[in-house]
Amino acid sequence: MEFSAKQIADFIGGRVEGNEQATVHTFAKIEEGTEGAITFLSNPKYTQYIYDTKATIVLVNEDLELEHPVSCTLIRVKNAYECVAKLMQMYASAMPKKTGVDSLAFVSSSAKIGKDVYIGPFAFVGEGVTIGDGSRIYPHVTIYDGCKIGKNVTIHAGAVIGADGFGFAPNTEGYEKIPQLGIVIIEDNVEIGANTCVDRSTMGETIIHQGVKLDNLIQVAHNCEIGENTVMSAQAGMAGSTKIGAWCMVGGQAGFSGHIKIADKTFIGAQSGVISNTKGNGEQLIGAPAIDPKVFFKSQAVMKKLPDMYRQMAQMQREIDELKAKLNN
Amino acid sequence: MEFSAKQIADFIGGRVEGNEQATVHTFAKIEEGTEGAITFLSNPKYTQYIYDTKATIVLVNEDLELEHPVSCTLIRVKNAYECVAKLMQMYASAMPKKTGVDSLAFVSSSAKIGKDVYIGPFAFVGEGVTIGDGSRIYPHVTIYDGCKIGKNVTIHAGAVIGADGFGFAPNTEGYEKIPQLGIVIIEDNVEIGANTCVDRSTMGETIIHQGVKLDNLIQVAHNCEIGENTVMSAQAGMAGSTKIGAWCMVGGQAGFSGHIKIADKTFIGAQSGVISNTKGNGEQLIGAPAIDPKVFFKSQAVMKKLPDMYRQMAQMQREIDELKAKLNN
Amino acid sequence: MEFSAKQIADFIGGRVEGNEQATVHTFAKIEEGTEGAITFLSNPKYTQYIYDTKATIVLVNEDLELEHPVSCTLIRVKNAYECVAKLMQMYASAMPKKTGVDSLAFVSSSAKIGKDVYIGPFAFVGEGVTIGDGSRIYPHVTIYDGCKIGKNVTIHAGAVIGADGFGFAPNTEGYEKIPQLGIVIIEDNVEIGANTCVDRSTMGETIIHQGVKLDNLIQVAHNCEIGENTVMSAQAGMAGSTKIGAWCMVGGQAGFSGHIKIADKTFIGAQSGVISNTKGNGEQLIGAPAIDPKVFFKSQAVMKKLPDMYRQMAQMQREIDELKAKLNN
C-alpha cells in the first residue's frame, strides 16, 4: 500500500509543506526514518532529528517552529501523535487478519465461540468457556473451565485465565487446598498481555471490566476486580480480593495487598506497594508503602543526605554540650 | 447437588438458627450472596453484609452477636472459615475430575507416569521424567528432561520445570554458557502456580520439598531449595543456590539474593529484598534490604517527616550558632 | 563416560595430588559429592566441605592451603571455577543433542529456518519469521509474525517474542489500540529465559543485540534495545523505548522507566528502579530510585536509626531552648 502526502493530508485534515506527490509505504521512528517512510514528531525531546531524518514525510504539530529548512515533506496537523495513531489504525485495519479456530487449537466441545473469533495454534479453551464475537486468542493461551470472555477481547500468547486461586488452609501436617470453585469474567474490549495470569475466584468471580488493558506478566489473584478502562503495566501484581476502580493507571512492577479498595482514577507509580484503601478518586501514590508523590520525592531527596544529617546531629549535640558546660561554669 | 441446612449442620457439627429445610446448591461471597447459595462470615470487616445478604444460608462463628434479626438461615460453628473450606472440599471432591494423559499432550517414551495422573493438552513431558501417582499437569506445562515430580503434585498452566539455570562465564568476546547438567526434584503434595519457573541446577538438584505451595509467576533459580510446607506468593523470586527452610511464608514480589539461607518459619513481607542469611527460626523480615518489621514501620513513619527534620536541623544549627555568639560576647 | 584424574588434569592443564587413576563419571557440588563425582572448590565460603566431601576428585585453585589432609584426589589448577566450566562444556558437547523441527511444532510455511535448528513440540513460529543456524527453540515458545532470530540463539520454554507492545491512546470512552506494526530482532548468540516476553515495536524494531543473556520472566517492552553481551536476571523489566548499553549487568526484579538510556558497562542492583539516563559508562546504581551504591548503603544504615534520630532531635531542641532561656535570664 502506497500513499501520497496529499492523500494522507486529506485523510487526517492536515496541510502539506513540501512535495505533495511524495509517497510512503511504511512507518518509522523519526531517528530511524528511511526513504518511503512516514514518521512523526510530537515529543519536543526528538525535535533535533527532524533536520536529518531520512523519512519522506513527517507529521508535525501545527505550531512547530523550524530553525533550519528540512529536506522531508511535512504535514502539519493539530496533534501529530493522534494523527499517526489514526493512520496506523487505518493501515492495520487494511492488513489481512487471521480468523477462525486453528486446527491445532484445543476447544472443548462445550465451549461457545462467537463470530469472527481467532483462536491460534495450541490455545486451550476449557469446558463451558464462552468467547464473545471478534475476540483474538493467541497461541498458548490457556482458558480454564467455565471462564467467560467478552467481545473484542485480545489475549496474548501464554496468558493463563482461570487457574486456581492461591488458597490453602494450614493444619498440623501441612496445608490443605481450599477448592477454587469460582470463575473469571473478562468483559468486552479488554486486552491481556503475554504470560499474564488471572486466577479464578474461590467462589463468585474474578472480574476484569470492559476496556481494561493489562500488560505482560501481570498477576491478578482470586476474587480481584479491575474497573473499566484501567490500564496496568507489566509485572504488576494484585493479591486476593483487591478491587481497583475505573480509569486507574498502574505502573510496572507495582504491587497491591489483598482485600483493599482503590478508588477510580487513581495513579499508582511503578514499583509502588499499595497496602491500604485509597482515600478517594484521583489520588496519586508512589513508593512502598505508597504515599503522596510530593512527599515521596522530597523524602527521597533528603534520604541521600541522611548520612550527613546523622553526622551533623552528633556535631550539634557536642556543640550543645559545650554550650551547657560554658553556661554552668 | 442440593443440600439442606440440617444436612450441612450435621456434616460439619453446627447448630441451625432459622429454617432447617432451607436448601442450597452453590457457594457465594457474603456480599454477593444469591438465593440457593451458602456463604460464611469470618472476617469481622464483613459483618455488615449479614443483614442484607441474599444468600440462603450463612455459616457464622458460634459467638457472633447480631444487632438486628437476619432473613437468612444461620449455621453456628466453632470456626466458620474452616467449615466452609471443609464443605468446599467435600463439594469439589464430588465433582468429576479429569484423569489420564490427553491425546494432545507430549509425553516422552522414556517418561514414567504414575497412576491416576492427569496430563492436559499441550503439556510437554521430557525424556526420563517421572511423575508420581495422582499428580495433575495442566495444559502448557513444560517439564524438561530428567526432572522428577512426586505424588499428588499440581502444576498449573504455563509453568516451566527444569529450564536451564542462568549460568554464564564471561570471556573477552562475550559470555560462555555453563552447561546446566542437574535436574529439578519436586516432592509430594506440592502445588506450582501458572507460569512459574523452576530452573534445573548446574549440577545436583534444585529441590522443592513436600507440601510447598508456589503461586504464579515465581522464579526459582538453579540449585535452590525450598523446605517443606513453605508457601510463596506470586512474583517472588529466588536467585541461585539460595535455601529457604520449612514452614516459611514469603510475600508477593519478594526477592532473595543468591547463596543465602533462610531458617524455618521465617516470615518475609511482600516486596522485601532478602540479602543475607537469617539469624534463626521464626524471624520476621520486611523491606529492601529486609529488616525487622517494627524497625521498618517506625522508619517508614519517620521517612515522611524527613524533609521537616532536615529543615529543623538547619534551624537548630542557626540557634546553636546564635547561642555561641552570645556566649562569646 | 568415565575419566581418570590424569586424563582430566592433562585436558585442563592441572596437577594431580592423590590417586591419578581415580575415575569419575558425573559432576556434583562439593557439599553433595558422591563417589564417582568430580567437584570443585572456588568460593572460600565452601572450603570447610573439602575435608568431608565424598566426591572422588576436587578441582582446586593452585594456591589452596589445606589445614588437614583430605581423602579425595585433588587437581590443582589456575582457576578451579573456569576449569570445571570447561569440563562441563566438554561433557555437554559430547551428549546427544536434539535437532530438527518436531512434528508437533507449528512453523508457518513462510518462515525461514536455518540449519541445525531445534524447534520443540508446541513451539509456534509465525509468518515471515526467520531463525538462524544452530538456534534452539524450546517447547511452548511463541514467535509472532515477522520477528527475526539470529544464529545460535536459545529461547526457553514459554518465552513470547513479538507480542504487541502496550500502546493505547485514551479517548472519552476508553482506550484505542495503537497498532504495533514493528518487529523484534534477536541477534546471534542470545539466550532468552523461560516465560520471558519481548514485545514487538510500534514501528521499527525492538532489538536484542548479540550475546545478550536474559533470564526468566523478564519484560522487554516495545522499541527497547539491549546492547551486546548485557546480562539481565530474572523478573527484571524495561518500559518502552528504553535503551540499555553493551556489557551491562542487571539484577533480578530491577525496573527501568521508559525512554531512558543506560550507558555501557552499567551495573544495576537487584530490585532497583532506574528512572533517568545514566551519566556515563561503568556506573553502578542501586535502590529505587537508583543511586550510587555507597550512598544507598550508607543511607540504608542510617534509615534504621531514623526513629532514634527523630527522638534525639526533639531532645536537642529542648536543650537549645533551655540554653536560650538561661542566657536570656
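Chain naming here is simple, since letters A, B, ... match the order of the sequence lines and numbering starts at 1 in each.
With chain C as partner, the option from Ala234(A), Pro121(A), Ala85(A) having the largest number of non-hydrogen pairs under 4.5 angstrom is Pro121(A). Considering only heavy-atom pairs separated by less than 4.5 Å from chain A, the leading option among Ser201(C), Ala239(C), Gly237(C), Ala301(C) is Gly237(C). Listed options Gln235(C), Gln253(C), Lys298(C), Met309(C) were ranked by heavy-atom pairs under 4.5 angstrom with chain A; first place goes to Met309(C). Counting heavy-atom pairs under 4.5 Å between each of Asp321(A), Asn229(A), Asp215(A) and chain C puts Asp215(A) at the top. Most heavy-atom pairs under 4.5 Å with chain C: of the set Ala92(A), Gly211(A), Gly120(A), Ala28(A), this distinction falls to Ala28(A). Ranked by heavy-atom pairs shorter than 4.5 Å toward chain C, the options Leu327(A), Leu104(A), Asp308(A), Asn216(A) are led by Asn216(A). Heavy-atom pairs under 4.5 Å with chain C were tallied for Thr34(A), Leu214(A), Val84(A); the largest tally goes to Leu214(A). When each of Glu205(C), Gln219(C), Glu173(C) is scored by its heavy-atom pairs under 4.5 Å with chain A, the top score falls to Gln219(C).
For chain C, the nearby part of Glu32(A) is the side chain; its heavy atoms alone come within less than 4.5 Å. There is no contact between Lys86(A) and chain C, counting heavy-atom distances below 4.5 Å. For Gln315(C), no part lies near chain A; criterion is any non-hydrogen pair under 4.5 Å. With a 4.5 angstrom heavy-atom cutoff, Ile320(A) touches chain C via backbone and side-chain atoms both. Proximity to chain A involves both the backbone and the side chain of Thr202(C), based on heavy atoms less than 4.5 angstrom apart. Proximity to chain C is limited to the side chain of Met95(A), based on heavy atoms less than 4.5 angstrom apart. For Leu323(A), the parts sitting under 4.5 Å from any heavy atom of chain C are the backbone and the side chain alike. Only the side chain of Ile291(C) comes within contact range of chain A, with heavy atoms under 4.5 Å apart. Interface residue Lys98(A): only side-chain heavy atoms are found under 4.5 Å from chain C. Only the side chain of Glu191(A) has a heavy atom closer than 4.5 Å to any heavy atom of chain C. With a threshold of 4.5 angstrom between heavy atoms, Ser241(C) does not approach chain A through any atom at all. Only the backbone of Met232(A) comes within less than 4.5 Å of a heavy atom in chain C; its side chain stays farther off. Using a 4.5 Å cut-off between heavy atoms, Gln89(A) touches chain C through backbone and side chain atoms alike. Both the backbone and the side chain of Ala288(C) come within contact range of chain A, with heavy atoms under 4.5 Å apart. Contact annotation for Phe27(A): both backbone and side-chain heavy atoms come within less than 4.5 Å of a heavy atom of chain C. Gln271(C) touches chain A through its backbone: at least one of N, CA, C or O sits under 4.5 Å from a heavy atom, while the side chain does not. Contacts of Tyr144(C) with chain A are made by side-chain atoms alone, with heavy-atom separations under 4.5 Å and no backbone atom involved. At a 4.5 Å heavy-atom cutoff, the contact between Leu306(C) and chain A is made by side-chain atoms alone. Interface remark: Asp145(C) contributes side-chain atoms only to the contact with chain A (heavy atom separation under 4.5 Å). Heavy atoms of Val220(C) lying under 4.5 Å from chain A are absent altogether.
Here the shortest heavy-atom pairing between Arg200(C) and His222(C) reads O-CB, 3.0 Å.
Using the six-membered ring where Trp is involved, His140(A) and His140(C) have ring planes that are perpendicular, over 60° apart on the 30 and 60° scheme. Note on ring orientation: taking the six-membered ring where Trp is involved, the planes of Phe106(C) and Phe124(C) are parallel (angle under 30°, cut-offs 30° and 60°).
Near-neighbour residues of residues 154-162 of chain C relative to chain A, defined by a heavy atom under 4.5 Å from a heavy atom of that chain, comprise Gly158(C), Val160(C).
Taking the charged nitrogens against the carboxylate oxygens, Lys177(C) and Asp164(C) do have a contact shorter than 4.0 Å, which makes a salt bridge.
With a 6.0 Å radius and a threshold of 12 heavy atoms from other residues, nucleotides or ligands, Gln48(A) has its CD atom above the threshold. Within 6.0 Å of NZ in Lys324(C) there are more than 12 heavy atoms belonging to other residues, nucleotides or ligands. The local environment of CE in Met249(A) is sparse, with at most 12 non-hydrogen atoms from other residues, nucleotides or ligands closer than 6.0 Å.
In this structure, Ile8(A) CD1 and Leu59(A) CG are separated by 7.0 Å, a value rounded to the nearest 0.5 Å. The line from CD of Glu176(C) to CE of Met88(A) is 12.5 Å long, rounded to the nearest 0.5 Å.
In summary, the aromatic rings of Trp247(A) and Tyr175(C) are positioned with their centroids under 6.0 Å apart.
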Checklist entry - Can you check side-chain contact (heavy atoms from CB on, under 4.5 Å) on Ile286(C) and Phe297(C), steps first, answer last? => result CA-CA 9 Å; Ile286(C) 194 164; Phe297(C) 284 109; 4.0 Å; yes
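Tyr310(A) carries Lys305(C) over the face of its six-membered ring, with the cationic atom under 6.0 Å from the centre and within 45° of the normal.
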